[in-house]
Amino acid sequence: MVEKRLLLIDGNSVAFKAFYALYTALGTFTNSEGLHTTAIYGFNTMLETMLKTVKPTHALVAFDAGKTTFRTKMYDDYKGGRPKTAPELSEQFPYVKELLEHRGIQTYELPNFEADDIIGTLAKQAGEQGFTTTIVTGDRDLTQLADDHTTVAISKKGVSDVEHYTPAYVQETMGVTPAQIIDIKGLQGDNSDNYPGVTGVGPKRAVDLISKYGSVEGVYDHIDEITAKKLKEHLIADHEQALLSKTLATIKRDAPVTKQVADLVYEGDNHDELVDFYRRMNFKKFLAQMGDGGEPLTDTAELKPITFTTLTADNCDQLPDFSAGCDFYLEMDGDNYHLADFVGFVIGTDQHWWVSRDVSLLAQAPLKGLLESADVAKQVFDAKRTYVGLNRLGVTLAGVDGDLLLCSYLLNTYDNSNDLGQVAHEHGDEQVALDEDVYGKGAKRAIPTDDQVLFSHLARKAQAIADLRPKLLTELKENDQDQLYRDIELPMSFVLARMEVAGITVDASELEAMGSKFTEQLAEIEQTIYNEAGEEFNIGSPKQLGHILFEKMGLPVIKKTKTGYSTAVGVLEKLASDAPIAENILRYRKIAKIQSTYVEGLLKVIHPKDQKVHTRYLQTLTQTGRLSSVDPNLQNIPVRTEEGRAIRKAFIPRHDGWQIFSSDYSQIELRVLAHMSHDANMQEAFREGEDIHAATARRIFKMGPDEEVTPNIRRQAKAVNFGIVYGISDFGLSQNIGISRKQAKAFIDTYFQEYPGVKDYMDRMVQQAHEMGYVETIAHRRRYLPDINSRNFNQRSFAERTAMNTPIQGSAADIIKIAMIQMEDAIKDLQATMLLQVHDELIFEAPAEEIETLSKLVPSVMDSAIKLEIPLKVESHYGPTWYDAK
DNA sequence: CGACTCACG
DNA sequence: ACGTACGTGAGTCGT
């Protein structure tokens with residue numbers, strides 16, 4: 001018999017969750033008629049995921065019929081005190097239902113009952129009829145329905161991010177069986193549904209009581225066994241309330257549902273209706289997925305035609321001189337612009353576009369002159385990419401006046417796609433297609449051979465750059481971000497471009513030598529581990545490893561992950577004392593990591609022509625304003641352990657006799673905090689040149705002036721300082737330094753007493769985030785925190801910590817960026833070259849005779865990059881390799 | 001493609 | 001009471 005799979009969805013709950021999840025992630029969005037579409041979009045995203053994973057044969061979406069239900073009759077205040085559903089959400093429900101109709105899924109609601117009860121009733125029927133059922137909801141209470149043939153999928157953060165609750169998983173995460181969920185609710189009540197439970201009983205006590213006595217009734221049968229006096233009193237006093245709450249929490253399995261499971265056959269999409277619906281909703285992404293036979297649907301039909309002139313060697317001389325500026329876009333096929341094939345380019349202004357596939361034209365007159373002229377103002381998208389691309393053609397780009405990507409990122413760090421079309425859409429310009437729609441994606445990706453298609457796309461890109469520029473510039477001014485843009489980010493992109501082009505030399509033979517040594521060591525440890533385990537297995541597989549350690553060898557389980565046993569460092573370290581295998585696995589992991597990521601990884605990206613690696617710095621990615629580094633990532637080369645650090649021996653200067661020189665800011669984030677918080681005590685410590693962690697130790701441990709700060713005490717104080725910068729929680733701190741949560745809380749309280757300005761700063765940042773929706777760095781870099789007003793404790797707490805941390809981390813990023821821009825100028829007469837940035841340090845290569853000069857120059861540029869209320873401190877090191885620059 | 005683990009500041 | 005430090009990228013496994 002064919003397997004029958006039923007998908008049951010709690011419509012209200014999922015729409016609600018989708019609305020807020022996307023609202024916080026992407027902001028609100030609407031179709032062309034002003035209808036909000038966030039929930040509809042999110043709902044459909046969830047549907048796509050569930051249809052794909054569950055592959056239902058039957059499906060139904062249940063909705064709540066109204067406010068009054070049999071529960072409100074039992075208890076007036078049921079779900080009382082809830083804020084009214086936002087109109088932006090409620091207006092979407094009719095469309096969610098319409099969407100479901102087009103998708104071939106039935107909907108159902110039943111007066112006096114909630115969606116839960118419909119689902120409970122149908123799931124029961126389905127179980128009896130041999131269905132496998134998946135329930136989708138945002139409400140954990142429904143986990144009470146989990147059984148052998150029913151899984152409850154709870155959407156977590158995103159809409160498609162779900163957690164699947166089987167009975168075993170319910171037991172594991174909640175500590176009780178699905179059937180006991182209602183007993184838990186009976187004792188603890190439910191805040192969001194507004195019913196009380198028993199006074200003084202929270203989740204913890206509820207789980208304890210129910211796992212001991214089985215049910216609410218069981219608890220009262222054994223009420224005399226309860227020794228805690230207060231608890232017993234409360235239980236007795238709230239007896240009726242507990243029984244009522246349990247009833248309220250119980251989902252009906254026998255509601256008078258008029259549908260039969262067998263009637264819920266999933267019909268599948270009505271293609272034409274759905275396409276029409278997506279059009280009306282402006283769902284580009286879903287439209288693109290609808291293309292027949294998997295062909296991407298280019299919605300060029302919706303784009304207005306655009307005119308252009310094809311450039312050739314013969315008509316280049318007819319180009320205008322662009323003395324009033326122009327827009328330029330260079331297309332390459334792939335992310336890595338150091339290597340990607342050139343596709344073509346567009347240049348022009350005022351709706352006159354010249355296009356070509358022949359990039360060699362760029363290296364000849366008159367285009368080369370135009371591009372290299374500082375007097376011809378050019379508007380581009382991704383200046384750094386453009387600079388590096390042109391550099392490969394022998395053209396040195398100058399005179400860039402605007403970068404649409406940078407503008408977009410600075411206005412909102414989320415609007416940072418490398419696809420010009422995507423960015424344009426985010427700013428309301430729909431007149432350019434997404435690259436994916438024109439070029440395809442994955443294996444199907446191909447540059448169109450049809451000139452009309454390719455050139456129109458390129459011309460539209462240039463048009464979008466031209467059209468969006470004034471709008472984005474105005475917005476930057478309104479945000480007081482024009483200086484950040486003009487004086488920091490735009491110049492920064494060229495500094496970075498030149499660092500990327502310069503690259504850093506890597507000694508492949510050094511890496512290879514290390515590699516063979518590691519290979520030997522790995523083979524040896526591997527054998528030892530197999531002997532200890534009594535069999536061979538894949539050490540790199542956490543799943544197999546978990547099986548060996550915790551099932552075969554019976555070691556104690558310290559921590560679990562979603563999918564099984566955790567085998568993370570912390571866990572293995574705890575096991576190491578009584579199981580030598582743990583120690584060996586740690587050693588194996590460490591070496592395997594160095595081997596695969598750094599030895600093999602780096603060897604793969606050494607450019608055979610120049611023996612260098614050329615990273616790409618992503619300037620518009622992080623939410624704080626830091627850079628990131630990819631292909632390869634040169635910002636996470638090992639340093640903390642000797643074995644790893646040895647990798648740095650392979651990073652060498654490009655000439656014999658040259659040196660690697662490195663300068664780093666000392667405690668820049670804490671100094672930034674001292675500055676921004678104006679805290680007198682912290683500022684004093686920095687002004688006096690004290691060891692800040694030791695100074696903090698003296699304060700939080702109330703030490704006398706003669707008492708010695710031991711390394712251990714200093715270590716704890718250091719952890720507290722870190723915690724403060726990250727937006728502290730007592731739990732986080734307690735985990736980090738292995739103390740009790742209570743103790744951690746005491747440390748934090750004392751810290752804030754000793755550094756009251758810091759406390760004020762933290763409160764101020766959280767408050768600003770609440771009021772304005774964003775926080776700012778010293779240079780007015782902005783980060784929006786939509787979750788700051790979330791009703792979800794986790795999301796809100798995370799946003800609050802971010803509000804505290806981002807101005808600190810981001811201002812430190814501002815400072816080093818300013819320093820880097822000034823640095824280029826400061827060293828322009830030297831042979832020394834700036835090669836790398838690792839968040840708070842800069843790495844150079846230079847002839848030995850310039851080291852003395854650099855030792856003065858570099859720190860002076862770095863510490864004077866910005867004037868703070870306290871001094872900045874810079875430390876420098878150098879040596880024949882990066883390893884020696886310590 | 002997500003989860004896990006681990007490298008960095 | 002909620003589950004917890006902030007910001008990243010890459011390799012590997014297994015669905």
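These figures come from a predicted structure and were not determined experimentally. In what follows, every chain begins at residue 1, and chains take the letters A, B, ... in the order their sequences are listed.
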Which part of the nucleic acid, if any, lies within contact of [X], taking any heavy atom under 4.0 Å across all strands shown: a base, the sugar-phosphate backbone alone, or nothing?
{"X": "Gln544(A)", "answer": "sugar-phosphate"}
{"X": "Ile808(A)", "answer": "nothing"}
{"X": "Asn736(A)", "answer": "base"}
{"X": "Thr802(A)", "answer": "sugar-phosphate"}
{"X": "Arg783(A)", "answer": "sugar-phosphate"}
{"X": "Asn633(A)", "answer": "sugar-phosphate"}
{"X": "Leu733(A)", "answer": "base"}
{"X": "Thr597(A)", "answer": "sugar-phosphate"}
{"X": "Glu600(A)", "answer": "nothing"}
{"X": "Gly540(A)", "answer": "sugar-phosphate"}
{"X": "Asp631(A)", "answer": "sugar-phosphate"}

Could you give the [atom1]-to-[atom2] distance, from [X] to [N], as a whole number of Å?
{"X": "Asp664(A)", "N": "dC8(B)", "atom1": "CG", "atom2": "P", "result": "15 Å"}
{"X": "Leu673(A)", "N": "dG9(B)", "atom1": "CG", "atom2": "C1'", "result": "17 Å"}
{"X": "Lys543(A)", "N": "dT5(B)", "atom1": "NZ", "atom2": "P", "result": "14 Å"}
{"X": "His164(A)", "N": "dA3(B)", "atom1": "NE2", "atom2": "P", "result": "10 Å"}
{"X": "Gln595(A)", "N": "dC6(B)", "atom1": "CD", "atom2": "C1'", "result": "16 Å"}
{"X": "Leu634(A)", "N": "dC8(B)", "atom1": "CG", "atom2": "C1'", "result": "11 Å"}

Next on the checklist: With a 3.5 Å distance limit and no angle check, can you tell me whether Arg741(A) reaches the backbone of Gly732(A) through a side-chain donor-acceptor pair?
Outcome noted: no
Checklist entry - When you measure from the side chain of Thr563(A), which nucleotide among dC6(B), dA7(B), dA3(B) comes out closest? => result dA3(B)
Next on the checklist: For DNA chain B, please output the secondary structure as dot-bracket, reading 5' to 3'. Pairs are Watson-Crick or G-U wobble, both atom distances under 3.5 Å; mark crossing pairs with [ ], other-strand partners with |, unpaired with a dot.
Outcome noted: |||||||||
Checklist entry - If we only count heavy atoms from C-beta on, is the Arg140(A) to Tyr165(A) side-chain gap below 4.5 Å? => result yes
Checklist entry - When the ring planes of Tyr565(A) and Phe550(A) are compared, do they come out parallel, tilted or perpendicular, using 30° and 60° as the limits? => result tilted
Checklist entry - For Lys886(A), does the NZ atom have more than 12 heavy-atom neighbours from other residues, nucleotides or ligands under 6.0 Å away? => result yes
Quiz question: by atom type and distance under 3.5 Å, do the side chains of [X] and [Y] form a donor-acceptor pair?
{"X": "Gln768(A)", "Y": "Glu776(A)", "result": "no"}
{"X": "Tyr409(A)", "Y": "Gln619(A)", "result": "no"}
{"X": "Arg589(A)", "Y": "Thr567(A)", "result": "yes"}
{"X": "Tyr755(A)", "Y": "Ser677(A)", "result": "no"}

Checklist entry - OP1 or OP2 of dA7(B) less than 4.0 angstrom from a side-chain nitrogen or oxygen of Arg640(A), does that happen here? => result no
Item to check | Smallest separation among heavy atoms of Ala576(A) and Glu583(A), with atom names | outcome: CB-OE1, 3.8 Å
Item to check | Where chain A begins and ends its contact with DNA chain C, read 5' to 3' at 4.0 Å from heavy atoms | outcome: dA1(C) to dT15(C)
Next on the checklist: As a test of understanding, state which of His614(A), Arg616(A), Glu500(A) forms a side chain to side chain donor-acceptor pair (under 3.5 Å) with Tyr337(A).
Outcome noted: Glu500(A)
